[in-house]
Peer 1: 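My questions will all concern the structure given below.
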Amino acid sequence: MIAVNKPPRDSFKQRHHVAAFSVLEHFAQGLVHHARDHGGVLTEEQILKAVDGLRDQENLFDGAWSVLESDMESIKAREKAAVRHDPFGRLLVSRFEYLLEGGEAGDLEHGALSRSILQPFFKVIRMMVGMDMLQEIDGEIHAIIEAHADEDDELRDPTEYWDHLAKEPAVALRINLVFARMALHFKDYEHRKKWLMQLVNDNLPSGSGNWTFTETHCILMLHALFRDVRKTLAVPEHSAELVAKLGSENVATLRTVVKAIDNDYAALKKAG
């Protein structure tokens, strides 16, 4: 089964596949040695003893752990919103940054989003878009920065050049694709909206106080996140490009999702 579903080479899944399989191979070798010592037959008790013997071999998991640790450090950095030195993460957050406390939205008492939402936000992105695609686009964006920046060009320090970077067509295309992929998960809009609120609230980091991600917050955030998807769908030649990448059925789903969000947003504004 593992061979049939083997992930692509050099992907996030493949690295973890190789790491986990190396542990299984060591385990299998241990069982083989036990079987040879017992006439080629193992009892349930002997298998459990073999497991206990392997449990004490801490170096057995060193290779697998180093792979996991490296990737987890990368994930933690993004979850902690270390976006100042992370162009891709910073560009993702820029879609709704004006809703965060301390900016245009003011303070939490006036409806701003707590900055503690960044950790669950990146978790949602990973779940909906997938680490393979995120890492691929992350690499592409870094390559674009390097290709378009001289050593003295301020674009090499994206913290000072976000507007320029965000408007770079190749960058904008990739960011838009991430949010298009994410929007597709909201086909069952009401159900997914409730799921998103629950997931965010369940994953707010300690020290977030009593702040809660409400339905109002959710609507405002979704409206902001998918604004470029909305603009793309409104331009025939641009929506045709999206059809080429995602397929006509998915683009039809995007239109339905954006309409549902827009209806929610309009109702919210009317009530406010």
Peer 1: Kindly list each side-chain donor-acceptor pair under 3.5 angstrom involving residues 211-223, sequence neighbours excluded, with atom names and distances?
Peer 2:
unit_1 : atom_1 : unit_2 : atom_2 : d
Thr214 : OG1    : Thr216 : N      : 3.4
Thr214 : OG1    : His217 : N      : 3.2
Thr214 : OG1    : His217 : ND1    : 3.0
Glu215 : OE2    : Lys193 : NZ     : 2.8
His217 : ND1    : Thr212 : O      : 3.3
His217 : ND1    : Thr214 : N      : 3.0
His217 : NE2    : Gly111 : O      : 3.4

Peer 1: For residues Ala105 and Leu99, report the shortest heavy-atom separation together with the two atoms involved.
Peer 2: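 Nearest heavy atoms, Ala105 then Leu99: CB-O, 3.4 Å.
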Peer 1: For the CZ atom of Arg126 and the CD atom of Gln135, what is their distance to the nearest 0.5 Å?
Peer 2: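 One gets 10.5 Å once the value is rounded to the nearest 0.5 Å.
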Peer 1: Are any non-hydrogen side-chain atoms of Phe179 and Leu92 less than 4.5 angstrom apart?
Peer 2: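 Side-chain contact under 4.5 Å: yes.
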Peer 1: Arg181: what forms a side chain to side chain donor-acceptor pair (under 3.5 Å) with it, not counting sequence neighbours?
Peer 2: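 Counting only residues at least two positions away or on another chain, Arg181 forms no side chain to side chain donor-acceptor pair (under 3.5 Å).
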Peer 1: Would you compute the distance between atom CG of Leu184 and atom CG of Leu246 and round it to the nearest 0.5 angstrom?
Peer 2: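 Reported to 0.5 Å precision, the distance equals 6.0 Å.
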Peer 1: Atom CD in Gln119, atom CD1 in Ile117: separation rounded to 0.5 Å?
Peer 2: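 Rounded to the nearest 0.5 Å, the CD-CD1 separation comes to 11.5 Å.
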Peer 1: What residues form a side chain to side chain donor-acceptor pair (under 3.5 Å) with Asp202, not counting sequence neighbours?
Peer 2: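 For Asp202, the residues satisfying side chain to side chain donor-acceptor pair (under 3.5 Å) (neighbours in sequence not counted) are Gln198.
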Peer 1: So, does Arg255 use its side chain to make a donor-acceptor pair with the main chain of Leu233 at under 3.5 Å?
Peer 2: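 Here the side-chain-to-backbone pair exists.
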Peer 1: With sequence neighbours left out, write down each residue that passes side-chain contact (heavy atoms from CB on, under 4.5 Å) with Asp188, or none if nothing qualifies.
Peer 2: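 Partners of Asp188 by the side-chain contact (heavy atoms from CB on, under 4.5 Å) criterion, ordered by chain and then number, come out as His191.
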Peer 1: As an exercise, state the distance from CG of Leu204 to CG of Leu118, rounded to the nearest 0.5 Å.
Peer 2: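 Rounded to the nearest 0.5 Å, the CG-CG separation comes to 10.5 Å.
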Peer 1: I'd like to check the salt bridge (Lys or Arg N to Asp or Glu O under 4.0 Å) partners of Glu101; sequence neighbours left out, ordered by chain and number.
Peer 2: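 Not a single residue meets the salt bridge (Lys or Arg N to Asp or Glu O under 4.0 Å) criterion with Glu101.
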Peer 1: Counting C-beta onward and ignoring hydrogens, is there a side-chain heavy-atom pair between Leu173 and Leu177 closer than 4.5 Å?
Peer 2: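 They are not in contact (no side-chain heavy atoms under 4.5 Å apart), so the answer is no.
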Peer 1: Within the side chain of Arg95, is there an N or O that forms a donor-acceptor pair under 3.5 Å with the backbone of Phe226?
Peer 2: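 Such a contact is absent between Arg95 side chain and Phe226 backbone.
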Peer 1: With sequence neighbours excluded, what pairs up with Glu140 under the side-chain contact (heavy atoms from CB on, under 4.5 Å) test?
Peer 2: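 Partners of Glu140 by the side-chain contact (heavy atoms from CB on, under 4.5 Å) criterion, ordered by chain and then number, come out as Glu136, Ile137, Arg174.
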Peer 1: Determine the minimum heavy-atom distance between Val229 and Asn176, stating which atoms define it.
Peer 2: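 Shortest heavy-atom contact: N-OD1, 3.2 Å.
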Peer 1: Got a sec, which residues hit salt bridge (Lys or Arg N to Asp or Glu O under 4.0 Å) with Asp262, two or more places apart in sequence or on another chain?
Peer 2: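 Here the qualifying residues are Arg230.
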Peer 1: Give me the atom names and distance for the closest heavy-atom approach of Leu254 to Ala180.
Peer 2: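 Between these two residues, the closest heavy atoms are CD2-O, 3.4 Å.
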Peer 1: Among residues at least two apart in sequence or on other chains, which ones pass side-chain contact (heavy atoms from CB on, under 4.5 Å) with Lys259?
Peer 2: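 Once residues adjacent in sequence are excluded, the partners of Lys259 under the side-chain contact (heavy atoms from CB on, under 4.5 Å) criterion are Asn263.
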Peer 1: Using a 3.5 Å cut-off and no angle test, enumerate the donor-acceptor pairs between side-chain atoms of residues 234-243 and protein atoms at least two apart in sequence or in another chain.
Peer 2:
unit_1 : atom_1 : unit_2 : atom_2 : d
Ser239 : OG     : Val235 : O      : 3.3
Ser239 : OG     : Pro236 : O      : 2.8

Peer 1: Looking only at heavy atoms, which two atoms of Ser116 and Pro205 are closest? And how far apart?
Peer 2: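 In this case the closest contact between Ser116 and Pro205 is O-CD, 3.3 Å.
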Peer 1: Sequence neighbours left out, what passes ring pair (Phe, Tyr, Trp, His ring centres under 6.0 Å) with Phe96? Give chain and number order.
Peer 2: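 Counting only residues at least two positions away or on another chain, Phe96 forms a ring pair (Phe, Tyr, Trp, His ring centres under 6.0 Å) with Phe121.
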Peer 1: If you round to the nearest 0.5 Å, how far is CG of Leu134 from CZ of Phe88?
Peer 2: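 Result: 5.0 Å between the selected atoms.
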Peer 1: What pairs with Leu199 under side-chain contact (heavy atoms from CB on, under 4.5 Å), at least two apart in sequence or on another chain?
Peer 2: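 Testing Leu199 for side-chain contact (heavy atoms from CB on, under 4.5 Å), a comparison that skips the adjacent residues, returns Val124, Met127, Trp195, Asn203.
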Peer 1: Tell me, please, which residues at least two apart from Tyr189 pass side chain to side chain donor-acceptor pair (under 3.5 Å).
Peer 2: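 Only Asp264 meet the side chain to side chain donor-acceptor pair (under 3.5 Å) criterion with Tyr189.
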Peer 1: Rounded to the nearest 0.5 Å, what separation is found between the CG atom of Leu100 and the CG atom of Leu113?
Peer 2: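 CG of Leu113 is found 5.5 Å from CG of Leu100.
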